[in-house]
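Residue numbers begin at 1 in each chain, while the letters A, B, ... track the order of the sequences.
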Amino acid sequence: MAKGITGRDKDYSQWYNDIVVKAGLADHSAVRGCMVIKPYGYAIWEKIQRQLDDMFKATGHQNAYFPLFIPKSFFSKEADHVEGFAKECAIVTHYRLKNDPDGKGVVVDEDAKLEEELIVRPTSETIIWNTYKGWIQSYRDLPILINQWANVVRWEMRTRLFLRTTEFLWQEGHTAHATKAEAIEETIQMINVYADFVQNWMGVPVIIGTKSEGERFAGAIETYCIEALMQDGKALQAGTSHFLGQNFAKAFDVKFQTKEGTLEHVWATSWGVSTRLIGALIMAHSDDNGLVLPPKLAPTQVVFIPIYKSKEELEQITEKVNEIKSQLEKRGVTTQYDDRDTLKPGFKFAEYELKGYPIRIAIGPKDLEKGTVEVARRDTLTKEFVKQEGIVDYIVNLLDTIQESIFKKALDFRHDKTTKADTFDEFKRILDEKGGFISAHWDGTAESEEKIKEETKATIRCIPFDNEIEEGTCILTGKPSKQRVLFARSY
RNA sequence: CGGGGUGUAGCGCAGUCCGGUUAGCGCACCUGGUUUGGGACCAGGGGGUCGCAGGUUCGAAUCCUGCCACCCCGACCA
């Protein structure tokens, strides 16, 4: 086990915190519930952003930016929406400070009270729909396909680095459509984009499905989600896409004229993923030695470490490293050469394992002699000597192999941790002994869902898209059910 | 908001119960040398408003009062 990292078996929470802090991803800040995302952590976020942004553009979306502040009155327009967010809003009431008359520091200037308070956005539906009202008159103005990269604030009672922070970074797509069918199609398209990204780039398998009524987004008609399973057997919601119906169009009076000349309310969607994805990345793949990053999201994919005794040796090694390094870079591989002479190789090995670099290449005197290099894989912690000849192709292929292998491992884990339960006792036993997803029949009522949650802390994560139709009886009430749904304890 | 814990060097801690030289230790850092295929070693060196504000005392990291911050567990949530 790496120095200073708590084992997963010992304390999973502490292990997670140790990885985040020791791998240099983020730190607690001086502000309660808010984190400082450090350069290495932010580099991962930038990779996530870049890829998702490309995928959004490829599906016809454009980026825009809306204000951080939302007038309080906007929140009272959509009843469910305000109820969902009211309890966790930061509110701006004043716009000026002054010197404390008692001479100590500064105080809020009570004369500078705002006429109407401003809410720091917890999500932007309201300000955006207020804006769309001015943009939409005719069916010719539709669809509007916009995404925003932004920060939002939700005053959560308890926070955890990346998984739930008071302020977090995310993207939120907000689209407007002429028809219900088109809006639903958009909602589904985007949840599929998320699933594609999370599986093929993050290497985290997900279940795509719909949320039960109780877990639905405040103000949505239908919420689609992707659910991932973490190594401790708890589920994590990795992304959501909401079909908002005409709720926001009605709340903000957004109508358009159809070809036929009638006036109709616009159909809406919204969808988002956040820095929480980094939490998912960590909890899905990492081990007791530190972070494990999929090659496609690793800020640096290959690190070179020289092993030498003399200056002459180092020079020869450096020459060889530079040769391989530049060839790799030409193939689009990101690399780094760590020739710091104050640290021993062993220390560097441990450090890059902690930081999750997918491949480490060590070159020493033996390699110069034999024309080899030592290639170490982070995901499997295996090492082998490889001929320098053909090394570039070898590494390029290996990166793909690692990407697939990481996904496969997580997928196998999820298969092992997905269990069917047919009675409530069985359900509870699996939950306590094994964790993971439990596929069980449910009578479809919010009451039963709530009771199960109260008794077991497990919630319905989703009703999978590809669910089989299967007659059965609800594990709680014994009432008839047409399909199984996926339960789990979750983050 | 309830329960628990912690605040002493960049990090991790000891010292606090029972007040008393110049506040220690490990890691990290700086200088020099020897090392380098899995977390090096020797020698020398720098770094402190002891969370904050009051109080008691000849004397406070230590005792008293008030405050603050953060972490962990729970309820709430992406």
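A distance of about 28 Å separates the P atoms of B:G46 and B:U35, rounded to the whole Å. Annotation: B:U6 and B:G51 have their C1' atoms spaced 11 Å apart (nearest Å). Comparing the P positions of B:G74 and B:U31 gives an interatomic distance of 47 Å, to the nearest angstrom. Between B:G2 and B:A75, the distance separating the two C1' atoms is 9 Å to the nearest Å.
Between A:Arg121 and A:Val152, some side-chain heavy-atom pair lies under the 4.5 Å cut-off.
In this structure B:A40 sits in a base pair with B:U34, meeting the Watson-Crick or G-U test at under 3.5 Å. Of all nucleotides present, none satisfies the Watson-Crick or G-U wobble test against B:U57 with each distance under 3.5 Å. Across all strands shown, B:U62 forms no Watson-Crick or G-U wobble pair with both distances under 3.5 Å. Look at B:A69: its Watson-Crick or wobble partner, with both distances under 3.5 angstrom, is B:U6. When both distances must be under 3.5 Å, the Watson-Crick or G-U wobble mate of B:U49 does not exist. Under the Watson-Crick or G-U wobble criterion, with both distances below 3.5 Å, B:A75 has no partner in any strand shown. Pair assignment for B:C25: B:G12, on the basis of Watson-Crick or G-U wobble contacts that are both within less than 3.5 Å.
In this structure A:Lys344 satisfies the side-chain contact (heavy atoms from CB on, under 4.5 Å) test with no other residue, sequence neighbours excluded.
A:Met202 and A:His285 get closest at one heavy-atom pair: O-NE2, 2.8 Å. Residues A:Glu353 and A:Arg378 come closest through the heavy atom pair O-NE, 2.8 Å.
The base of B:G39 has none of its N or O atoms less than 3.5 Å from a complementary donor or acceptor on the side chain of A:Glu353. A donor and an acceptor atom sit less than 3.5 Å apart, one in the side chain of A:Lys383 and one in the base of B:G38.
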Is there a side chain to side chain donor-acceptor pair (under 3.5 Å) between A:Thr187 and A:Ser241? Walk through the geometry before answering.
CA-CA 6 Å; A:Thr187 315; A:Ser241 181; 4.8 Å; no
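Counting non-hydrogen atoms under 4.0 angstrom, A:Lys366 reaches a base of the nucleic acid.
Two residues, A:Phe168 and A:Asn17, neighbour RNA chain B, and the one matched to the more 5' nucleotide by heavy-atom proximity is A:Asn17.
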